[in-house]
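As the structure is a prediction and not an experimental result, all values here were calculated from the model. Naming convention: chains lettered A, B, ... in sequence-line order (proteins, then strands); numbering from 1 in each chain.
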Amino acid sequence: MTFLAASRRFNAGGDVVGRSTHHRRLWGLLAIVGLAVPVCVMGQTTAQDARAAAITEKGNDHGVPACVSCHGPHLLGNPALGYPRIAGQSAPYVTEQLEALASGTRKNPLMMPIAKALTPAEREALAHYLSGLPVGRAPTPDTLAQRADSATRHAGEVLAMRGRWADTLPACDRCHGPGGIGVGTAFPPLAGQPVRYLTDQLHMWQQGTRGPGPLDLMSTIAKRMSEEDVAAVAAYYALQPPTPPTAKASRP
Amino acid sequence: MKTSTAVTVAALAAVAGAVITYVSVRPSPAPGATPVAPAAPAAAFTPPPDSAIPDDQFGQMVRLGQLIFNETPTYAPQYTGNVLSCTNCHIDAGRLAHSAPLWAAYVNFPAYRSKNKHVNTFEERMQGCFRFSMNGEAPPMGDSALVALESYAFWLSTGAPVNQPIAGRGYPKLEKPAQAPDYQRGAKVFAAHCALCHGTDGQGQRAGGVQVFPPLWGPESFNWGAGMGSVNNAAGFIKANMPLSLGGTLSDQDAWDVALFMDSHERPQDPRFKGTVENTRKLYHDSPMSMYGKQVNGVLLGQHSVPAGGSTRAGTR
């Protein structure tokens, strides 16, 4: 359809400015090539997405179990076991984490062999596919977060929104966005992630079992946090809605 | 069929085993995970905690001031022409030493300022912030935005000595660098240490309708008249505070270089513009610390600036 219209336009243009038939054919050919290339790329992406979707639902034939078996239906996370929501996660972040797990700079006994069993192409495909999935709350409640007392939640809110600069702790929201919804490709969402997951990650940075991340920011920050701080921010963010509340009435 | 069942069983067993292993090796709190106080020059003064804001009419004004300070485009939209907030350059809601804290400024006004060659009250000083740093419009004297911000600054200064030198005021003054600040070196520092948050184009990042990381140049940043447009001010701020939470980690040379790089980009016009860039430079930017009116990469800085005032200019948005 588009090609026909384009070709008609070229012909019309040819008539007006008196382009030779040879030129017209060349333009037509270029138009076909121009349209065909994106279609090919799109087809490839769709095929990759289908492959990635199959891995998330059924795993692959070289040792990778279905992602949904741990990360929950629609990959929205499993609070009881502390498995994070991976739906809607930024593609570069997922790729980076899978590579870190495969190389062992992010130590996790469950995910390391799985990441290793994924080919680089499968990791890329998964990253692309996951980034396009809708974000939402995990289907099961985070009972640990619900059990946190109001003092803990309040302490978490203060750290999340204001930080504690006496210990050079910036507000978590300063980088992870309002309510911890995540910012860009480098600052992952904290909102609605399981308490156990958030706690584990902070402990891993404290112990050096998770790579320091960009600019060593998180390993530096985690080491400035007390055990109470970790518990407080984990409970606070686990209870935040994973999607932004109705956008504030501020200018675009 | 048999094979696929076997694979499924094996996979399930692997997952189950891994789950058990994972749960049992779940990281425990680090033994040494007590708060580590980083080495930062201590300030002699600590402002009161938020919990000490009085629960009365004055306290309400203090809280309004704090809101304006932290989310300026939302709470003072009529005077704010860009997407910045006061707290972007006065970290921790104006509390942090060496980040131009409000408590150190408040107790040192009224003061003579060479910028406008007369004695300024604190209120007039804040008008300057709106006009230049916020690329907006100065709120009229007595406007509730200024009353609120002054109330907040006054309250933060509770117990601070008036008209005395106070540690942590302004940004640190860096020694002259070993090598003259350099754009190309600055570009490399920017890519390595700043672009993660501020973007490779320096335009910051938004999320959920909120400006999370501020733009450092361009039409939504501070204008050519702002203090941060002076390379020495920017270098001091960057050295003490950037990257956020990693203050003091850049070398002085890196801070100077990247400050020059940031201040060598186009931004909104100086609202004091007088006819030509050359004339405006002579009147207000006659300093090696200002890049306004200088040629960078074949462009005369200030020549292509968008008009001052941003969204406060009637009919622009």
Q) For B:Leu244 and A:Trp165, which heavy atoms make the closest approach, and how far apart are they? A) CD1-CH2, 3.7 Å

Q. Counting heavy atoms not belonging to A:Met112, are there more than 12 under 6.0 Å from its CE?
A. yes

(Q) As an exercise, state the distance from OG1 of B:Thr249 to CG of A:Leu215, rounded to the nearest 0.5 Å. (A) 8.5 Å

Q) Which of the residues A:Cys175, A:Gly184, A:Gly182, A:Pro214 is involved in the greatest number of heavy-atom pairs with chain B at under 4.5 angstrom? A) A:Cys175

Q: Could you tell me the separation between the CD atom of B:Gln66 and the CZ atom of A:Arg162, rounded to the nearest 0.5 Å?
A: 4.5 Å

Q: Counting only heavy atoms closer than 4.5 Å, note whether B:Asn88 contacts chain A via side chain, backbone, both or neither.
A: side chain

**Q.** Neighbour count above 12 (heavy atom, 6.0 Å) for B:Asp55 CG
**A.** no

(Q) Out of B:Leu246, B:Asp50, B:Ile91, B:Asp92, return the one with the most heavy atom pairs under 4.5 angstrom to chain A. (A) B:Asp92

Q) Checking heavy atoms, do the side chain of B:Leu196, its backbone, both or neither come under 4.5 Å from chain A? A) both

Q.
A side-chain contact here means heavy atoms from C-beta on lying under 4.5 Å apart; do B:Ser245 and A:Thr220 qualify?
A. no

**Q.** Atom of A:Arg174, atom of B:Val212 and distance for their closest heavy-atom approach
**A.** O-CG1, 3.1 Å

